[in-house]
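Below you'll find the structure, written out as structure tokens, and then a few comments.
Quick note: numbers below take in every heavy atom, side chains included, and nothing from hydrogens, waters or symmetry partners. We count ligands from 1, going down the list as the structure has it; atoms in each ligand are counted the same way. Fair warning: this is a prediction, and the values are worked out from it, not measured in the lab.
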Amino acid sequence: MRVLSVASEIFPLIKTGGLADVVGALPGALAPLGIEMRCLVPGYPAVLATLADAEVVHRETGFFGGEMRLLAARAGALDLFVLDAPHLFHRPGNPYTAADGKDFSDNALRFGALARVGASIGQGLIAAFVPDIVHAHDWQAGLVPAYLRYAPAAGTARPATVTTVHNLAFQGQFDKALLADLGLPPESFAIDGVEYYGTIGFLKAALQLSDRITTVSPTYALEIRGSEAGMGLDGLLRARGDAVSGILNGIDTAVWDPASDAFLAARYDTHHLAARARNKAALQQRMDLDVDPRLPLFGVVSRLSWQKGLDLLAEAMPTLAGNGQLALLGSGDEVLEARYTTAAQTHPGGVGCVLGYDEELAHLIQAGADVLLVPSRFEPCGLTQLCALRYGAVPLVARVGGLNDTVIDASTMALQAGVATGFQFAPVTTPMLEAALLRAAALYRERAPWMRLQLNGMRTDVSWDQPARKYAELYRGLARAG
Ligand code: ADP
């Protein structure tokens, strides 16, 4: 079975968040199950720079206002199609925003073009790879099923379609005047097509027109059917009924392996947990914290945004600093960046923050922190708590979305049964977060149950094995139905 995956990011070539991790990991996880997955991604400079054996398999002029070449190429273990359209993608930096932090003004055309090519490959544009399924990720690939429905290419193949929602907050809404530029006919601008509150809705189109919709955890799949997490799309999601399901993300357990991780000060596994202390000391040093093994060290690796609840953590800083230390790595919202810079100045030796994106430090935090904090207001799946489980950093999370599905709270009963892996709190408020911080700090002082939490987490299966099986099942069911 062949599947074309269409996405705007792919690890390790270009990444702004968890989407890239998932898109980059799925092909390798599916291959042993007999599924050949290729990924179509935009030809950003960072992507073009890493390609090996690139071959031009298709060309067009006058394509969304310029010339395009479609490349078939490999990058490491990944088999790619790369949409090389310099007028759309030859720009430095972030895939979505200009240097001033604002979205590129032509994002509709940039990602419309990506979806157009995805739909065409789905219909047999490249004879050497005609997929049974086109799997589109997020709004950037959202128009794939719209092109298949309203502007089919010349090919005769009819792929089935799956759309995965990694975050419903990003919907891709654009001016309806762009319809013709996108190559969509007037009849597509309808309530059962791409129309969304008077605009063109890329994600809306995908949710309306894909054969199946998945999101990245069972709890989030339920939450988005309600008005709060549904963000305007809950009615449509309810209407799609059991076409909508949740499949948890995994993590790449080769990239995230404390036993072989080159970024750590000391490598360890469940049998050599004591070696973890050297990573804690290294992290304390790196973050200008007092090097003290007794204090619980709380870690954060996150985008700094409202979604991630890090304003609540900033409010809880006196409680945290009174009971332990904080090592925070993050970037994003300027107000939050300033708050954490101030917190580090207010609590020298107790609060450390590094603003920016740093893969290496992210690994050291997972290996050195005692607790990994994820106080998100909503969280489709969340990957950092999965890394934390694998690294023996006990996750302390808000009880929402995928965080609800992946962490077992250290309730009295769960501790008694020996199955707890972390801490959850709800509702997502500062007092409840503070209460959870205190609960974690108290249990940290009891060495035996704490170690049990760590080991339970490290033995949890956070790999792609189970999720990949679920995707394979979904694809096979669709192919049979087709
Ligand atoms: P989201 O995709 O909403 O940002 P996820 O938890 O799903 O959140 O995925 C975030 C991914 O990005 C994880 O792999 C995490 O380690 C990584 N990450 C987030 N912020 C940083 C940072 N500042 N430096 C390094 N890695 C980061």
Could you check ligand 1 for N or O atoms lying under 3.5 Å from protein N or O atoms and list the pairs with distances?
from	atom 1	to	atom 2	distance (Å)
ligand 1	2 (O)	Gly18	N	2.6
ligand 1	3 (O)	Arg303	NH2	2.7
ligand 1	3 (O)	Lys308	NZ	2.9
ligand 1	4 (O)	Arg303	NE	2.7
ligand 1	6 (O)	Leu383	N	2.9
ligand 1	8 (O)	Lys308	NZ	3.0
ligand 1	9 (O)	Gly18	N	3.4
ligand 1	14 (O)	Lys15	NZ	3.0
ligand 1	14 (O)	Asp21	OD2	3.0
ligand 1	23 (N)	Gly356	O	2.8
ligand 1	24 (N)	Asp358	N	3.0

Are Phe174 and Phe202 close enough that their ring centres sit under 6.0 Å apart? yes
For the student: nearest non-hydrogen atoms of Leu396 and Ala440, plus distance: CD1-CB, 4.0 Å
Carboxylate-amine/guanidinium contact Asp211 Arg240, below 4.0 Å: no
Atom CG of Asp358 and atom CG of Leu364: how far apart are they, to the nearest 0.5 Å? 9.5 Å
For Asp21 and Lys15, run salt bridge (charged side-chain N to carboxylate O under 4.0 Å, His left out): C-alpha distance rounded to whole Å, both residues' side-chain angles, the deciding distance at 0.1 Å, then the answer. CA-CA 8 Å; Asp21 292 312; Lys15 163 167 164 176; 2.9 Å; yes
Less than 3.5 Å apart, which donor and acceptor atoms pair up between the side chains of residues 246-256 and the rest of the protein, not counting sequence neighbours?
from	atom 1	to	atom 2	distance (Å)
Asp252	OD1	Ala254	N	2.9
Asp252	OD1	Val255	N	3.3

